[in-house]
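Presented below is the structure to which this report refers.
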Amino acid sequence: MTEEKAQFGTVLNRLRAGIVVHERTSRIRYANERAAGLLGWPPDQLLGVQNDDPRWAFCREDGSPMPVDEYPATRALFGGEIVEDLIVGLRRQSDGQLIWLICNAEPVLDDQGEVVEAVVSFTDITRLKSVERALYESEERLRLVIEGSNDASWDVDLVTGVQYFSSRWWSMLGRDPASTPASLDSWRDYLHPEDRARAIDEYERALEDGSSSFEIEFRLLHAYGHYVPILSRGLILRSGNGQPLRVAGTNMDLTERKLLEQQAYQFAFFDGLTGLPNRQLLVEQIQKAIRGISRSRRYAALLLVNLDSFKIYNETLGHDAADALLKMVAERLRANVRDADSVGRLGGDEFIVLLEHLPVSVRDAAVEAEQIGEIILDSLGQPYVLAGNSHVLTASVGVTLIDGSDPSAASVLRQADLAMYEAKSMGGSTLRFFDLNMQTTVDQRLDLERELRKAVQAEQLRLFYQPQVSVEGRVLGAEVLLRWQHPERGMIMPDVFIPVAESSALILQLGGWALRTACTQLKHWANHPVFSRLSLSVNVSVRQFNAVDFVSTVLAVVNETGADPRKLKLEVTESLVARDIEGMISKMAMLKEVGIGFSLDDFGTGYSSLFYLQRMPLNELKIDRVFVQEILTNPHHRDISRIIILLADTLGLSVIAEGVESEGQRQFLQESGCDAYQGYLFSPPTPVELFESETLRRNRMH
Ligand code: C2E
Ligand code: CA
Ligand code: CA
């Protein structure tokens with residue numbers, strides 16, 4: 001028996017748990033070695049110690065002091081209670097350390113059911129407790145981070161079905177978690193109908209295919225009725241065999257990012273003024289339309305809409321009003337096409353309308369495109385009311401059908417552009433279709449340009465002289481006019497090659513050559529009794545005049561040739577005015593200073609306001625030949641001619657009429673007060689030799 005007891009004692013001492021037996025009086029009757037070790041008392045001193053000995057200092061799990069009646073031994077001894085897994089802290093006397101114990105206590109009853117003693121066992125969980133503490137702290141930190149961040153955390157235990165949605169998760173959706181029951185399917189219920197199938201599919205696929213994480217974008221219903229764009233990032237925790245156990249992650253509100261993306265997109269692909277797609281987006285849309293045709297076999301059409309003489313509006317109304325006008329144009333365009341069609345702004349006063357899904361037959365497609373084009377022309381032609389004033393604006397429309405055979409958006413645009421120019425050249429306010437003839441014209445034009453580049457060096461240019469004659473029939477001078485002596489094609493007229501030259505920098509070369517040749521001729525005549533009195537008028541293109549070195553170039557030519565600048569007249573057109581009026585005036589003034597004269601060519605066909613006209617340092621107005629031509633038959637033209645003559649008189653300018661073909665015309669002009677004439681009535685433009693002999697003949701008569 002004693003041996004058995006001793007053996008039992010050894011076993012108890014080997015236990016990793018402390019065991020203490022309290023007798024009825026609560027004094028310790030037995031303690032194993034582990035108990036003494038944990039409590040920090042020598043085993044022999046532990047015996048006989050009362051349960052309420054003041055040298056114990058137990059505390060509760062939350063760190064507050066534990067009253068004696070909460071001690072496990074007290075509860076077992078005096079309450080007959082079985083205490084299970086109670087966590088108790090103890091400030092150990094021996095080393096002052098706080099240790100944590102997990103305690104069990106059980107009363108031992110006698111035959112009558114009276115408590116005779118209590119067995120208390122306990123193990124050290126200090127290490128566990130510190131791990132738990134750290135865990136708690138880091139969890140707490142995490143919680144703060146999560147609550148502080150804008151992301152909403154969520155956590156689903158797939159095994160138990162327990163789930164957690166942070167308060168941010170709810171507030172992101174404008175919802176109150178207290179009043180909204182959280183169900184496992186909360187997010188599924190709130191999913192945007194368009195996203196639902198895809199998002200759930202992506203989520204379930206991630207769970208099934210062994211992924212450890214996923215990122216899914218979807219929209220969830222906000223309490224206010226709109227949808228919140230969300231990026232959901234999740235981590236999947238799996239068991240050893242890959243079974244998903246738990247999914248946890250965060251939802252990020254993408255509203256702001258989407259907004260930024262949207263703004264960036266808006267900025268890159270839309271016109272800031274009108275909000276319409278810009279060139280870049282349009283090119284994409286055209287390319288998409290081209291690809292679409294191979295499937296649908298239906299035609300598409302591109303309409304290029306260019307406002308007529310918008311520059312003038314810009315100049316006279318100011319930029320704000322011009323911008324407002326452009327916006328109104330954009331609105332009218334939008335209003336006149338179907339939703340499926342695209343309207344965009346290429347820039348400036350140029351817009352595009354892309355019509356898709358037109359009929360399968362070319363003819364029907366063309367008819368429909370034309371109808372829409374006419375509707376657009378009509379709508380744009382209605383008056384625009386700005387600040388109480390009504391303005392009228394017209395447009396030129398170039399149309400090209402897209403049949404999908406030409407895969408490049410650029411060439412489709414070019415075709416529409418050509419058609420638009422064709423419409424412009426017909427006087428604007430009209431619509432033109434692109435066709436192959438037009439393409440041929442373009443190709444020829446490119447050939448012409450290539451050859452024209454070589455014309456100056458190859459000495460193929462000629463200068464013809466057309467006399468300008470006084471009332472008495474005396475030659476006052478000549479307008480010099482370019483001719484191109486082409487080796488194969490013969491004489492080419494300026495109406496053919498000047499526009500080509502004007503569309504590139506070539507005009508600078510040509511104009512420079514004409515000026516130099518005319519000046520050389522003036523110098524050549526300088527000592528001649530008849531010719532020295534003649535003046536020469538040289539045409540100057542807008543592009544030439546606007547070149548930064550225009551003034552210095554002209555002065556250099558005059559100096560180098562030794563021509564008398566007072567015999568040189570430059571013919572400029574009203575289109576100069578549309579640009580920079582101050583710059584124009586100062587350029588003209590500088591040249592005028594050395595004696596060079598200015599004649600306003602084609603006067604009456606443009607838009608010069610009287611205000612500009614009176615500020616321009618001119619010498620002469622030139623009545624355009626369209627007025628002269630019908631001066632006897634068209635009362636309007638007759639009136640305009642008269643007004644121009646009157647105007648010149650008022651402004652102190654001389655006046656000359658061009659294109660005078662009949663004596664009747666000359667007579668009328670003379671009676672109206674015009675005293676200089678140019679036209680076939682006297683002579684067509686001729687080579688200089690012929691001009692000289694003709695001049696000698698005419699002037700000798702006087
Ligand atoms: P423009 O400056 O209006 O020149 C007058 C045009 O009227 C000339 O045509 C002339 O031949 C034509 N003309 C003269 N008298 C009559 C007439 O009685 N009846 C009719 N119907 N026409 C008459 P051209 O020589 O063919 O020149 C055409 C245009 O080419 C010129 O128009 C001018 O704008 C441009 N041009 C000619 N030479 C030059 C040049 O050296 N530089 C620049 N920039 N342009 C030039
Ligand atoms: Ca002229
Ligand atoms: Ca003219």
Side-chain angles (χ1 to χ4, degrees), residues 1-137 139-140 160:
M1 187 71 205
T2 326
E3 198 182 316
E4 195 180 321
K5 209 173 167 183
Q7 220 170 26
F8 191 58
T10 322
V11 171
L12 284 178
N13 281 335
R14 282 216 189 116
L15 267 182
R16 296 291 294 163
I19 304 217
V20 170
V21 181
H22 292 264
E23 34 183 66
R24 185 87 185 92
T25 59
S26 97
R27 285 183 348 172
I28 292 175
R29 182 176 73 71
Y30 170 80
N32 69 354
E33 283 174 14
R34 183 71 182 157
L38 283 175
L39 299 173
W41 291 51
D44 52 329
Q45 282 184 35
L46 209 50
L47 297 181
V49 172
Q50 292 274 129
N51 187 28
D52 59 354
D53 190 291
R55 287 170 297 178
W56 304 123
F58 290 111
C59 66
R60 297 185 181 125
E61 199 181 355
D62 64 6
S64 61
M66 185 180 269
V68 177
D69 52 355
E70 278 183 25
Y71 287 5
T74 318
R75 287 163 62 184
L77 275 176
F78 304 112
E81 236 185 293
I82 295 174
V83 180
E84 276 184 337
D85 296 339
L86 183 71
I87 292 171
V88 174
L90 169 70
R91 180 68 63 188
R92 196 153 56 189
Q93 264 209 334
S94 55
D95 54 9
Q97 217 190 311
L98 177 69
I99 61 163
W100 290 94
L101 306 170
I102 184 157
C103 299
N104 286 278
E106 208 169 318
V108 179
L109 309 178
D110 63 10
D111 300 342
Q112 273 80 49
E114 292 290 317
V115 178
V116 286
E117 51 186 24
V119 179
V120 183
S121 64
F122 45 90
T123 48
D124 183 4
I125 56 159
T126 311
R127 281 246 318 269
L128 219 79
K129 195 76 183 157
S130 75
V131 169
E132 187 198 53
R133 172 97 231 142
L135 211 70
Y136 172 78
E137 278 171 4
E139 220 166 60
E140 187 69 0
T160 62

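Bear in mind that the values here come from a model prediction, so they are computed numbers and not experimental data.
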Interatomic spacing from [atom1] in [X] to [atom2] in [Y] - rounded to 0.5 Å:
{"X": "Ile125", "Y": "Leu101", "atom1": "CD1", "atom2": "CG", "result": "7.5 Å"}
{"X": "Asp62", "Y": "Ile87", "atom1": "CG", "atom2": "CD1", "result": "11.5 Å"}
{"X": "Thr25", "Y": "Glu117", "atom1": "OG1", "atom2": "CD", "result": "10.5 Å"}

request  = Please lay out, stage by stage, how Glu61 and Lys129 fare under the test salt bridge (charged side-chain N to carboxylate O under 4.0 Å, His left out).
outcome  = CA-CA 10 Å; Glu61 199 181 355; Lys129 195 76 183 157; 3.0 Å; yes
Whether [X] side chain and [Y] backbone form a donor-acceptor pair below 3.5 Å:
{"X": "Arg92", "Y": "Leu38", "value": "yes"}
{"X": "Ser121", "Y": "Gly18", "value": "no"}
{"X": "Asp124", "Y": "Arg16", "value": "no"}

Closest non-hydrogen atom pair between [X] and [Y], with its separation:
{"X": "Arg75", "Y": "Glu70", "answer": "CD-O, 3.4 Å"}
{"X": "Gly63", "Y": "Trp100", "answer": "N-CH2, 4.5 Å"}
{"X": "Ile82", "Y": "Glu106", "answer": "CG1-CG, 4.0 Å"}
{"X": "Met66", "Y": "Val88", "answer": "CE-CG2, 3.9 Å"}
{"X": "Ile28", "Y": "Leu46", "answer": "CB-O, 3.6 Å"}
{"X": "Val20", "Y": "Ala31", "answer": "CG2-CB, 4.1 Å"}

ask   = Is Leu39 close to Phe122 at the side-chain level, that is, under 4.5 Å between some pair of heavy atoms?
value = yes
Qualifying residues under side-chain contact (heavy atoms from CB on, under 4.5 Å), relative to Ala73, sequence neighbours excluded = His22, Asn51, Val120
key: Non-neighbouring partners of Thr123 that pass side chain to side chain donor-acceptor pair (under 3.5 Å), sequence neighbours left out   = none
inquiry  = Run the side chain to side chain contact (heavy atoms under 4.5 Å, CB included) test on Cys103 and Tyr71 for me, step by step, so that the C-alpha distance in whole Å, both residues' side-chain angles and the decisive distance to 0.1 Å come before the verdict.
reply    = CA-CA 10 Å; Cys103 299; Tyr71 287 5; over 6 Å; no
